[in-house]
Amino acid sequence: MLQNFLFSDKEDAIDDHDSLIRGGIVDSTGIHELILFLEQNYQISVTPEEMTPATFDSIHSVDAFVTRKLLA
């Protein structure tokens with residue numbers, strides 16, 4: 001899913017725990033697009049309080065966030 005938002009096509013360009021934000025792997029526009037994608041495709045709502053770098057900083061943190069939202 002995140003391949004659409006990355007600047008690299010390499011399969012090993014990023015690990016699950018690597019930062020998407022630091023180093024500009026995904027820029028602010030990409031994060032916004034990612035949030036819209038998650039809301040539309042998973043029918044979840046991301047509140048302003050949840051829009052923190054920690055929530056969207058790694059593949060692992062995005063996965064954990066979506067999992068929590070779907071279980072709620």
Side-chain angles (χ1 to χ4, degrees):
M1 166 181 90
L2 285 175
Q3 290 294 349
N4 295 331
F5 305 99
L6 300 179
F7 290 129
S8 174
D9 292 332
K10 292 185 204 172
E11 289 292 325
D12 61 349
I14 188 164
D15 188 48
D16 288 351
H17 298 285
D18 289 344
S19 175
L20 299 171
I21 298 169
R22 285 188 310 263
I25 293 172
V26 177
D27 64 9
S28 59
T29 301
I31 294 294
H32 183 254
E33 290 174 356
L34 172 60
I35 291 168
L36 293 175
F37 175 86
L38 294 173
E39 288 181 327
Q40 291 171 356
N41 288 282
Y42 292 96
Q43 287 75 48
I44 61 175
S45 176
V46 181
T47 66
E49 296 80 24
E50 294 169 322
M51 290 186 195
T52 64
T55 303
F56 303 101
D57 190 50
S58 69
I59 294 170
H60 177 75
S61 64
V62 171
D63 180 56
F65 173 74
V66 171
T67 300
R68 280 193 311 275
K69 294 296 272 191
L70 292 175
L71 291 175

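In this structure, the salt bridge (Lys or Arg N to Asp or Glu O under 4.0 Å) partners of E50, at least two apart in sequence or on a different chain, are K69. Judged as a side chain to side chain contact (heavy atoms under 4.5 Å, CB included), and not counting sequence neighbours, S28 has no contacts. Scanning for side-chain hydrogen bond (donor to acceptor under 3.5 Å, both in side chains) contacts around E49 gives T47, with sequence neighbours left out. Considering only residues two or more places apart in sequence or on other chains, H32 meets the ring-ring contact (aromatic ring centres under 6.0 Å, His included) condition with none of them.
To the nearest 0.5 angstrom, D57 atom CG is 8.0 Å from I31 atom CD1.
Legend: side chain to side chain donor-acceptor pair (under 3.5 Å) pairs involving residues 59-68, not counting sequence neighbours, sorted by first then second residue: S58-S61.
In the hydrophobic cluster analysis, where Ile, Leu, Val, Met, Phe, Trp and Tyr join through side-chain heavy atoms closer than 4.5 angstrom, F37 is grouped together with I35. Taking hydrophobic clusters as Ile, Leu, Val, Met, Phe, Trp and Tyr residues chained together by side-chain heavy-atom distances below 4.5 Å, M51 shares a cluster with Y42.
Proximity of V46 to T55: side-chain heavy atoms (C-beta onward) are nowhere separated by under 4.5 Å.
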